[in-house]
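Reviewing the structure listed below.
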2 protein chains.
Amino acid sequence: MDMRASTDDQAEDGVSRIERLCIERGLKMTGQRRLIARVLSDSVDHPDVEELYRRASALDQRISIATVYRTVRLLEEKGILERRDFGGGRARFDPADRGHHHHLIDVDSGRVIEFADTEHEALARAIAARLGFDLVDHRLELFGRRFADDAAAKTPARRARRGSA
Amino acid sequence: MDMRASTDDQAEDGVSRIERLCIERGLKMTGQRRLIARVLSDSVDHPDVEELYRRASALDQRISIATVYRTVRLLEEKGILERRDFGGGRARFDPADRGHHHHLIDVDSGRVIEFADTEHEALARAIAARLGFDLVDHRLELFGRRFADDAAAKTPARRARRGSA
DNA sequence: GTAATTGCAAAGGCTTTGCGGGCAT
DNA sequence: ATGCCCGCAAAGCCTTTGCAATTAC
């Protein structure tokens with residue numbers, strides 16, 4: 001079992017949401033890139049490279065992990081993916097078209113929950129201005145523990161090797 | 001030249017601020033640990049392991065980088081240091097006794113500016129509660145660019161290899 | 001047809017660790 | 001005295017990269 005949902009994001013022509021973005025940016029679409037684009041479009045979480053490789057391999061074995069590394073880097077440079085670090089020493093990836101949002105990390109399970117940026121944009125901008133800076137970007141990360149009354153569905157966390165707190 | 005200030009934090013008996021914390025926690029104080037404690041006490045920035053090693057070696061060459069790695073890990077476990085990740089693939093360290101604060105990273109120079117947590121604590125706690133979590137920790141990072149009118153003293157940034165944005 | 005992409009395996013960067021000798025308590 | 005700590009060097013983990021073969025345009 002795995003956690004991703006089949007969000008059925010590709011249109012009837014079979015072109016996934018992320019693939020469309022790749023085409024818009026003029027990327028040469030190989031079978032491997034199409035495959036990664038599909039996996040990303042179908043993901044609702046924040047997979048790392050190994051997980052992307054695992055999901056892609058399950059659909060078509062003719063892909064190597066080196067290509068996954070090269071592709072996520074390419075998509076990051078093109079602004080299609082954002083690289084995240086939630087601790088654990090591995091980069092995790094987040095499609096940029098989901099809009100600006102932040103993350104709450106469940107410290108017990110490692111699970112990541114997204115939430116929208118509402119009142120923070122202005123506050124962050126004000127703080128930066130007070131320090132003499134124009135705000136270019138900001139990130140807010142919360143680390144939390146489920147309320148005791150609904151502590152169901154816990155997954156044993158894989159402890160971070162060199163992540164930050 | 002380097003950026004750290006000689007904050008002269010050790011008392012007249014020569015015991016540095018961080019060393020005092022180590023003793024309080026019952027750590028065995030070797031020459032190397034004392035040295036690292038002194039370097040940390042004298043630092044006002046967020047050095048990485050290599051930088052700590054460089055500063056320590058300058059004071060006494062009888063220390064290896066392995067010991068620096070082992071010591072920062074130990075101090076982190078004891079709650080004396082906090083591990084940070086500002087991108088760039090290397091961990092950076094922050095004495096915990098400076099109190100809860102956040103960071104603004106100058107995207108042009110890589111320099112890090114601390115600022116106090118004032119209005120955020122409550123807001124972060126409220127967001128977590130809305131999602132069904134007790135807040136354990138939170139971090140806010142701003143990425144900014146100096147106002148054009150005082151763009152002096154810029155340092156060429158070392159670009160991150162695999163940092164997050 | 002041609003430049004870009006891929007797979008493989010080797011290398012790179014940061015960090016941890018096994019081991020024998022040394023040191024603080 | 002003895003259990004922890006150190007330096008050294010090797011290994012580990014994640015990621016990048018050189019090269020020859022393949023592929024998209």
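We name chains A, B, ... by the order of the sequence lines, and we start the count at 1 in each one.
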Examine C/dT6: is either OP1 or OP2 under 4.0 Å from a nitrogen or oxygen in the side chain of A/Ser64? Give yes or no. no
Check the angle between the aromatic planes of A/His103 and A/His101 and answer parallel, tilted or perpendicular using the 30° and 60° thresholds. perpendicular
Please check if any side-chain donor atom of B/Arg20 sits under 3.5 Å from a side-chain acceptor atom of B/Ser41, or the reverse. no
Within the 3.5 Å criterion, strictly below it, is a donor on B/His46 or B/Glu114 matched to an acceptor on the partner's side chain? yes
A/Ile63 CD1 to C/dG7 C1': how many Å, rounded? 11 Å
Against the side chain of A/Thr67, the closest entry in D/dT15, C/dA4, C/dT6 is C/dT6
Identify whether any heavy atom of B/Arg62 sits under 4.0 Å from a base atom; if not, whether one sits that close to sugar-phosphate; answer base, sugar-phosphate or nothing. sugar-phosphate
Candidate nucleotides C/dT15, C/dG7, D/dT16, ranked by approach to the side chain of B/Arg90 - the nearest: C/dT15
Interatomic distance where OH belongs to B/Tyr53 and C1' belongs to C/dT15 [whole Å]: 15 Å
Distance check needed: C/dT25 P versus B/Leu27 CG, whole Å only. 10 Å
Separation of D/dT15 atom P from A/Glu50 atom CD, nearest Å, is 9 Å
Picking from C/dT5, D/dT17, D/dA9, the nucleotide nearest the side-chain atoms of A/Ala66 would be D/dT17
Under a plain distance cut-off of 3.5 Å, with no hydrogens placed, do B/Arg55 and B/Ser43 share a side-chain donor-acceptor pair? yes
Just how far, in rounded Å, is P of C/dA24 from CG of B/Leu35? 14 Å
Nearest whole angstrom, please: distance from the C1' of C/dC23 to the CZ of B/Arg34. 12 Å
In this structure, how many angstroms lie between the C1' atom of D/dC5 and the CD atom of B/Glu77, rounded? 15 Å
Looking for any heavy atom pair under 4.0 Å, which part of the strands does A/Arg70 touch: base, sugar-phosphate only, or nothing? base
Out of D/dT16, C/dG7, D/dC6, minimum distance to the side chain of B/Gln32 belongs to D/dC6
Taking atom C1' of C/dG22 as reference, at what distance in whole Å does atom NZ of B/Lys28 sit? 11 Å
Just checking B/Ile65: base, sugar-phosphate only, or nothing, at a heavy-atom cut-off of under 4.0 Å? nothing
Determine the minimum heavy-atom distance between A/Ala124 and A/Leu135, stating which atoms define it. CB-CD2, 3.8 Å
Taking for each residue the nucleotide of DNA chain C bearing the nearest heavy atom, is the 5' side occupied by B/Thr30 or by B/Tyr69? B/Tyr69
